[in-house]
Amino acid sequence: MGYKFSWSPIGAMRAANNPAVFIRAGQETQLSAQELMYNSGTVTFNPAIELESYANRDSLKYRELYGLKESQLIMRGTLRYRGYTWIVNSFKELGIFTEDAVVKTTWRKYLAVKLEGVSPRKL
């Protein structure tokens, strides 16, 4: 995945499993945890660096804190390498992006069970 955790990996997982609320076009917008990664955007710094962006938890508290009452867009967000949201959505759909997904087996066997009996040899 080419991703380096600079803080707790469980924190990244929890952030991806939380809803988000922010201001877009002057209106409060809410995304459920299930919708979150399907609503990512793209940020291009230069042709060599294109990142994905997605909303991160509650952005509304920053409106008053930073005097942004007239702002049309207020979004606390996260930037990740391209492909991150696709991978996270895949893990979430497989049920392996939760805190209770700890299993004592191999990845191949675990994924075979999650993929409805696909032989581990085919993975």
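Just so you know, these numbers use all the heavy atoms, side chains as well, and skip hydrogens, waters and symmetry mates. Since this is a predicted model, take the numbers as computed values, not measurements. The chain is numbered in sequence order, starting from 1.
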Would you say Glu28 and Val21 make side-chain contact, with heavy atoms under 4.5 Å? yes
Locate the shortest heavy-atom distance separating Asn39 from Glu35; write the atom from each residue and the value. ND2-O, 2.7 Å
Between CZ on residue Arg80 and CE on residue Met37, distance to nearest 0.5 Å: 8.0 Å
To the nearest 0.5 Å, how far apart are CZ in Phe91 and CG in Asn17? 12.5 Å
Looking at NZ of Lys61 and CD1 of Ile74, how far apart are the two atoms once the value is rounded to the nearest 0.5 Å? 13.5 Å
Is there side-chain contact between Ile87 and Asn89, with heavy atoms separated by less than 4.5 Å? no
Between Ala55 and Leu36, which heavy-atom pair has the shortest distance, and what is it? O-CD1, 3.2 Å
Quick test of your reading of the model: are Arg82 and Glu52 salt-bridged, counting only N-O distances below 4.0 Å? no
On a heavy-atom basis, the closest approach of Ser53 and Leu79 is CB-CD2, 3.6 Å
CZ of Phe22 to CZ of Arg63, rounded to nearest 0.5 Å, is 12.5 Å
Distance-only, no hydrogens or angles: does the Lys92 side chain make a donor-acceptor pair with backbone N or O of Ala16 under 3.5 Å? yes
In this structure, CE of Met75 is separated from CZ of Arg24 (nearest 0.5 Å) by 5.0 Å
Pairwise side-chain contact, Ile23 with Leu73, heavy-atom cut-off 4.5 Å (strictly under): no
Do Leu65 and Tyr62 touch side chain to side chain, with heavy atoms closer than 4.5 Å? yes
Shortest non-hydrogen separation from Tyr38 to Gln34 and the atoms involved: CD1-O, 3.3 Å
Which pair of non-hydrogen atoms, one from Tyr81 and one from Leu51, has the smallest distance, and what is that distance? CD2-CD2, 3.7 Å
